[in-house]
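Worksheet: the structure to be examined is printed underneath.
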Number of protein chains: 2
Amino acid sequence: MMKEITIYDIADKLKISAATVSRGLKDHPLVNHKTKKLIVDAAEEMGYRSNYMASNLRNQKSNVIGVIVPRLNSSFMSDVIAGIEKVVNDANYNLFISQSLETMKKEASNAKAMLNNRVEGLLVSLAYDTADIAHFEPFIKRKIPLVFFDRVFEHAACPQIYIDNYKAAREVTTHLIDQGCKRIVHITANLLRSVYSERFNGYKKALEEHQLEFDDSLLIVNDLSSQAGVAAAGQILKMPVLPDGVFVANDLCAISCMQTLKKHGINIPQDIAFAGFNNDPTACVVEPNLTTINYKGYEMGEAAAKLMVAHLNNYDVKQMHSVVLRSELIIRESSLRNKSS
Amino acid sequence: MMKEITIYDIADKLKISAATVSRGLKDHPLVNHKTKKLIVDAAEEMGYRSNYMASNLRNQKSNVIGVIVPRLNSSFMSDVIAGIEKVVNDANYNLFISQSLETMKKEASNAKAMLNNRVEGLLVSLAYDTADIAHFEPFIKRKIPLVFFDRVFEHAACPQIYIDNYKAAREVTTHLIDQGCKRIVHITANLLRSVYSERFNGYKKALEEHQLEFDDSLLIVNDLSSQAGVAAAGQILKMPVLPDGVFVANDLCAISCMQTLKKHGINIPQDIAFAGFNNDPTACVVEPNLTTINYKGYEMGEAAAKLMVAHLNNYDVKQMHSVVLRSELIIRESSLRNKSS
DNA sequence: CTGTTAGCGCCTTCAT
DNA sequence: ATGAAGGCGCTAACAG
């Protein structure tokens with residue numbers, strides 16, 4: 001291990017004090033321009049690199065923002081992360097990223113690691129099975145800003161970045177009904193997560209508004225994976241009376257379900273109309289193209305990170321507030337059965 | 001800001017020294033079991049959390065591994081990152097992630113930030129236009145392990161995790177030739193990156209082995225984006241004599257190109273057979289399904305991170321070595337023109 | 001404008 | 001088995 005240059009080495013060489021070197025290296029106003037140049041040049045020449053561990057300790061701040069997400073490898077989440085990284089990096093913070101792998105246990109242990117690492121703020125999208133947020137209480141107690149995005153949790157101290165899932169789902173469902181669907185299956189995930197319960201509620205609301213009965217046989221709850229879509233198709237095919245519409249809470253599952261039904265001779269959208277959620281890249285590649293709800297992960301990441309950064313840079317002035325991002329219904333062939341739309 | 005508990009607070013409360021508390025909190029052998037329990041209990045009760053900034057400074061290690069990638073939001077890269085995160089997290093390291101956004105300039109500035117943050121190792125996949133790795137020299141000089149993956153760079157001190165792009169491209173091209181293609185266009189990106197030049201070389205080799213002429217009019221170089229695929233389709237349609245096969249260096253671009261050609265009345269694969277690279281999720285959704293090269297990003301991330309972690313945990317014993325991961329040709333309808341395959 | 005001093009919280013000799 | 005003391009590198013008072 002090569003010996004690292006410190007500000008003391010620079011100070012010695014220049015016969016000045018370490019304090020002056022420290023000041024010269026930042027843009028402290030009270031340093032002579034000449035000595036400043038001397039210092040910067042010497043630092044450059046000697047290959048000095050500032051030791052963040054030391055300055056972090058001294059300043060009692062880590063310069064790190066933490067992120068905990070269920071999984072990194074989904075199209076949506078990688079967009080979110082990209083957006084977060086951009087904002088955080090531009091603001092000269094660093095990013096600690098970890099994935100809960102959809103379990104509350106891992107989420108809690110990640111949170112603890114983040115806490116010990118003194119992250120200055122934490123961005124979280126919750127795991128499937130997270131029932132309470134006791135594991136985030138230490139952050140709230142310490143007033144370390146905690147922002148939820150997408151898979152949010154209701155808590156007075158924590159702003160949320162999300163879309164209006166209720167409204168979006170109601171729109172999708174209404175659209176299917178407009179297309180003549182009378183018996184619409186809804187496939188979704190753990191209703192503990194508000195993103196899913198809201199979508200479910202929006203769906204039910206639309207049915208109700210059109211005097212369509214909802215009953216439990218129309219609801220399929222799984223993990224919205226690709227495999228789950230295949231299984232759901234199996235369930236649908238076994239139904240005593242086939243549905244004429246399916247609204248799935250994500251595109252991944254919607255597509256595999258739709259393709260499986262196609263293989264079994266079901267015509268999309270004539271026999272069964274389909275709609276998904278997320279506007280995944282695959283949605284406009286699959287045939288027929290999938291009707292879905294579009295909302296940009298990148299923008300959600302940006303919004304969450306911007307909120308955090310603004311807050312950190314101006315702690316006591318800026319009040320953090322929740323943000324509802326725009327989403328839009330994108331109608332494609334998978335649900336188009338008449339010309340009225 | 002609430003006052004944080006330190007080992008001194010615990011020491012005071014227990015009327016023992018901070019040194020003993022420090023030892024008790026880890027599994028130092030020379031502490032009485034009883035006092036250890038006392039210490040751990042008191043820490044728990046008082047809400048102590050270890051200050052990593054202080055211990056990092058003292059120990060002269062950051063416990064952080066850095067990652068620099070071109071972009072986070074691609075299906076492949078998010079798989080890689082997921083794999084890296086898993087391994088790094090399990091090994092109790094933290095992950096700093098940043099994206100170069102495909103420019104060498106940003107890559108260099110990210111590298112500098114990583115250096116100042118004292119990352120203990122750096123995992124890198126290079127930007128499109130990175131011509132040399134001078135910006136990584138400080139790592140090499142300091143013997144901070146530097147591992148390249150996917151978009152690698154040849155350097156004696158830096159192991160590489162990659163696939164055999166030459167072989168894979170030769171396989172794809174040979175397959176297209178076997179299907180009767182005689183005039184195969186190759187669409188790729190900056191040949192500065194070995195992943196692309198190797199694929200190009202493999203392609204040329206296959207042509208040569210089958211006595212097919214290569215000439216520059218068969219090569220289209222762009223950024224392999226979706227839009228570039230549309231543009232490439234335009235170029236192809238304008239060619240004096242249409243090709244009967246297209247091999248694209250990624251699936252994203254392959255698919256948009258293929259779909260654009262379809263819209264212009266070209267039959268796939270009868271008129272033009274198609275092959276991509278990466279086995280993106282969209283490849284088996286598009287119609288016709290896209291022939292491609294499959295290799296798992298998740299495994300590449302795991303492999304790179306495992307190499308790094310093993311090295312860090314056993315610095316002077318383990319020699320780092322490059323790893324060539326397996327890849328395989330996946331034949332789908334987009335290239336199937338006869339029954340011989 | 002620059003120097004002196006005193007920690008930030010932890011860990012690790014060295015001593016007991 | 002425990003304590004005392006010094007220092008990791010930096011920076012913010014406080015003096016000059």
Side-chain angles (χ1 to χ4, degrees), chain A residues 1-40 42-43 46-64 92 113 115-120 142, chain B residues 1-40 42-43 46-64 92 113 115-120 142:
Chain A
M1 190 70 85
M2 96 191 253
K3 195 199 166 303
E4 288 290 343
I5 305 295
T6 74
I7 53 172
Y8 286 97
D9 298 321
I10 300 180
D12 284 352
K13 172 155 182 182
L14 262 39
K15 311 268 185 246
I16 57 178
S17 80
T20 307
V21 175
S22 174
R23 292 187 191 109
L25 256 15
K26 5 199 75 74
D27 282 321
H28 194 105
L30 306 178
V31 238
N32 188 312
H33 283 285
K34 289 180 179 174
T35 46
K36 182 180 164 184
K37 181 156 169 36
L38 245 41
I39 292 165
V40 172
M46 300 168 78
Y48 169 80
R49 57 171 181 156
S50 147
N51 187 328
Y52 282 33
M53 297 188 293
S55 88
N56 286 347
L57 172 62
R58 173 63 229 233
N59 295 328
Q60 297 283 62
K61 59 193 300 282
S62 63
N63 239 267
V64 172
N92 280 312
L115 191 71
N116 281 344
N117 276 289
R118 298 297 203 268
V119 296
E120 295 183 36
R142 289 177 169 87
Chain B
M1 190 70 85
M2 98 189 253
K3 196 199 163 305
E4 289 290 343
I5 306 294
T6 74
I7 53 172
Y8 287 96
D9 298 321
I10 300 179
D12 284 351
K13 171 156 183 182
L14 263 39
K15 311 269 186 246
I16 56 178
S17 80
T20 307
V21 175
S22 174
R23 288 192 270 250
L25 256 15
K26 0 201 77 74
D27 283 322
H28 194 105
L30 304 180
V31 241
N32 188 312
H33 283 285
K34 289 179 180 174
T35 46
K36 181 181 164 184
K37 180 156 170 36
L38 245 40
I39 292 166
V40 172
M46 300 168 77
Y48 169 80
R49 56 172 180 155
S50 149
N51 186 328
Y52 283 32
M53 298 189 292
S55 82
N56 286 346
L57 172 61
R58 173 63 230 236
N59 294 327
Q60 298 282 62
K61 60 193 299 281
S62 63
N63 239 267
V64 171
N92 280 312
L115 191 71
N116 281 344
N117 276 290
R118 300 295 204 268
V119 296
E120 295 182 37
R142 289 179 169 86

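Sequence lines set the chain letters: A, B, ... in the order given, protein chains first and strands last, and positions in each chain run from 1.
- Every pair passing side-chain hydrogen bond (donor to acceptor under 3.5 Å, both in side chains) that includes a residue from residues 19-31 of chain B is listed here, sequence neighbours excluded: B:Ser17-B:Thr20, B:Asp27-B:Lys36.
- Whole-Å rounding puts the B:Arg23 CZ to D:dG3 C1' distance at 8 Å.
- Taking a 4.0 Å limit (strictly below) on heavy-atom distances, residues 7-15 of chain B reaches DNA chain C at B:Ile7, B:Tyr8.
- Here the OH atom belonging to B:Tyr48 is positioned 10.0 Å from the CG atom belonging to B:Asp9, to the nearest 0.5 angstrom.
- Using a 4.0 Å cut-off, some side-chain N or O of B:Gln60 falls inside it from OP1 or OP2 of D:dG9.
- Separation of atoms CZ (B:Arg49) and CG (A:Leu115) is listed at 4.0 Å; rounding is to 0.5 Å.
- An OP1 or OP2 oxygen of C:dT2 is reached within less than 4.0 angstrom by a side-chain nitrogen or oxygen of A:Thr35.
- In terms of heavy atoms, B:Ile10 sits closest to B:Met46 at CG1-SD, 4.0 Å.
- Distances from the side chain of A:Ser22 to the nucleotides D:dT11, C:dT12, C:dG9 place D:dT11 closest.
- Across D:dG3, C:dC11, C:dG3, the shortest atom-to-atom separation from the side chain of B:Lys26 is found for C:dC11.
- Between B:Ser62 and B:Val119, the shortest heavy-atom distance links the atoms OG-CA, 3.8 Å.
- Of the candidates C:dC1, D:dC8, D:dT11, the closest approach to any side-chain atom of B:Leu57 belongs to D:dC8.
- When the nearest nucleotides of DNA chain C are assigned to B:Ala18 and A:Pro29 by heavy-atom distance, the more 5′-ward of the two goes with A:Pro29.
- Between the CZ atom of B:Arg58 and the CE atom of A:Met53 there is a distance of 12.0 Å, given to the nearest 0.5 Å.
- With rounding to the nearest 0.5 angstrom, the CD1 atom of A:Ile5 is 12.5 Å from the CG atom of A:Asn51.
- Computed from coordinates, the A:Lys34 NZ to C:dT2 P distance equals 11 Å when rounded to whole Å.
- The distance between atom CD1 of B:Ile16 and atom P of C:dC10, rounded to the nearest whole Å, is 14 Å.
- As a whole-Å value, the separation of A:Arg58 CZ from C:dC8 P is 9 Å.
- With rounding to whole Å, B:Leu30 atom CG is found 12 Å from C:dT13 atom P.
- B:Leu57 contributes atom CG, which lies 5.5 Å from atom CG of A:Leu57 (distance to the nearest 0.5 angstrom).
- Contact between the side-chain N/O atoms of B:Ser17 and the OP1/OP2 oxygens of D:dG3 is found at a separation under 4.0 Å.
- Note that CD1 of B:Ile39 and NZ of B:Lys34 are 14.0 Å apart. Values are rounded to the nearest 0.5 Å.
- The CG atom of A:Asp27 sits 13 Å away from the P atom of D:dT11 (whole-angstrom rounding).
- In this structure, of D:dT11, C:dC10, D:dG3, it is D:dT11 that holds the atom nearest to the side chain of A:Asn59.
- Sorted by residue number, the list of members of residues 48-56 of chain B with any non-hydrogen atom under 4.0 Å from DNA chain D is empty.
- The CD1-P distance, from A:Ile39 to C:dT2, rounds to 7 Å in whole Å.
- Among all heavy-atom pairs drawn from A:Thr35 and A:Asn32, the shortest one is OG1-O, 2.9 Å.
- Side chain of A:Ala19, nearest nucleotide from D:dA4, D:dA12, D:dA1: D:dA12.
- Of the listed nucleotides (D:dC8, D:dG9, C:dT2), C:dT2 has the atom at the smallest distance from the side chain of A:Thr20.
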